[in-house]
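Worksheet for the structure shown next.
Because only heavy atoms are used, hydrogens play no part in the values below, and waters and symmetry mates are left out as well, while side chains stay in. Per chain, numbering begins at 1; letters A, B, ... match sequence-line order. The model shown is predicted, which means the values in this text are computed figures rather than measured ones.
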Amino acid sequence: NAGVTQTPKFQVLKTGQSMTLQCAQDMNHNSMYWYRQDPGMGLRLIYYSASEGTTDKGEVPNGYNVSRLNKREFSLRLESAAPSQTSVYFCASTPPRRDAYEQYFGPGTRLTVT
Amino acid sequence: SQQGEEDPQALSIQEGENATMNCSYKTSINNLQWYRQNSGRGLVHLILIRSNEREKHSGRLRVTLDTSKKSSSLLITASRAADTASYFCASRIQGAQKLVFGQGTRLTINP
């Protein structure tokens, strides 16, 4: 199993450009998550999808949209990138155990917006 | 604001010593989890403690949970250089299908 994969690994955008970050998991997990990590801020939840066909806002959803394409894939879209969105983005997934919700993380996408 | 706060923000110790990190949270939880992040990598799940548990062990890791104080601690015994990483606590709030992460403790093990 590859686990959780993310593409691209690095990206540089100009202000106003758009892009989609891709995430896929091959562990048959139900729930998937997008976080951003900034220095000294820990991880902040952007959006999550508890199951295929559902998405919910997290702590910092403004400026982002998501699509749960199928059970395996959960993409994050920046429609008009801003310098404040410079960050490292992590995707994670959770197996279908009702009480635990331990998360499996991808390697991250380092995004710079100039 | 963040559900979890960690203390200290940074910790530097000698190889072989024990390292203790603390985490506080604000609301009732189902469980509390600890993760490790090596530089430039994703987070890796270490250990989970449920709200009805007080202590849990896994290898050189010992986690405690005090729900009356809304706090947890992670103890790494006999530290090794490979333990150098950032450590994050994450709480699963009751009824929520997500975790809330603390800001992390950066641990450095000096040879």
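Here the straight-line distance linking atom CG of Asp56(A) with atom NZ of Lys98(B) works out to 8.0 Å at 0.5 Å rounding. Once rounded to the nearest 0.5 Å, the distance linking CD of Gln103(A) with CZ of Arg92(B) reads 10.5 Å. Here the straight-line distance linking atom CZ of Phe101(B) with atom CD of Glu59(A) works out to 12.0 Å at 0.5 Å rounding. In this structure, the separation between OH on Tyr48(A) and CG on Leu99(B) is 11.0 Å, given to the nearest 0.5 Å.
A search for salt bridge (Lys or Arg N to Asp or Glu O under 4.0 Å) contacts involving Asp38(A) returns Arg36(A), Arg44(A), not counting sequence neighbours.
More than 12 heavy atoms of other residues, nucleotides or ligands sit less than 6.0 Å from atom CD of Glu53(B). Atom CZ of Arg80(B) has 12 or fewer neighbouring heavy atoms from other residues, nucleotides or ligands inside a 6.0 Å radius.
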Pair up each side-chain donor or acceptor in residues 104-114 of chain A with any protein partner under 3.5 Å, not counting sequence neighbours, and list the distances.
unit_1: Thr109(A); atom_1: OG1; unit_2: Pro8(A); atom_2: O; d: 2.5
unit_1: Thr114(A); atom_1: OG1; unit_2: Leu13(A); atom_2: O; d: 3.3

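Interface with chain A: from residues 34-43 of chain B, residues Tyr35(B), Gln37(B), Gly40(B), Arg41(B), Gly42(B), Leu43(B) qualify, criterion being any non-hydrogen pair under 4.5 Å.
Hydrophobic clustering (ILVMFWY, side-chain heavy atoms < 4.5 Å, transitive): Trp34(A) and Leu78(A) are in one cluster. Taken together through direct or relayed side-chain contacts under 4.5 Å among Ile, Leu, Val, Met, Phe, Trp and Tyr, Leu32(B) and Tyr87(B) form part of one hydrophobic cluster. Under the 4.5 Å side-chain heavy-atom criterion for Ile, Leu, Val, Met, Phe, Trp and Tyr, Val88(A) and Tyr47(A) are members of distinct hydrophobic clusters.
Heavy atoms closer than 4.5 Å to chain B are found nowhere in Gln6(A), neither backbone nor side chain.
In the hydrophobic clustering (ILVMFWY side chains linked at under 4.5 Å, chained through shared members), Val12(A) stands by itself.
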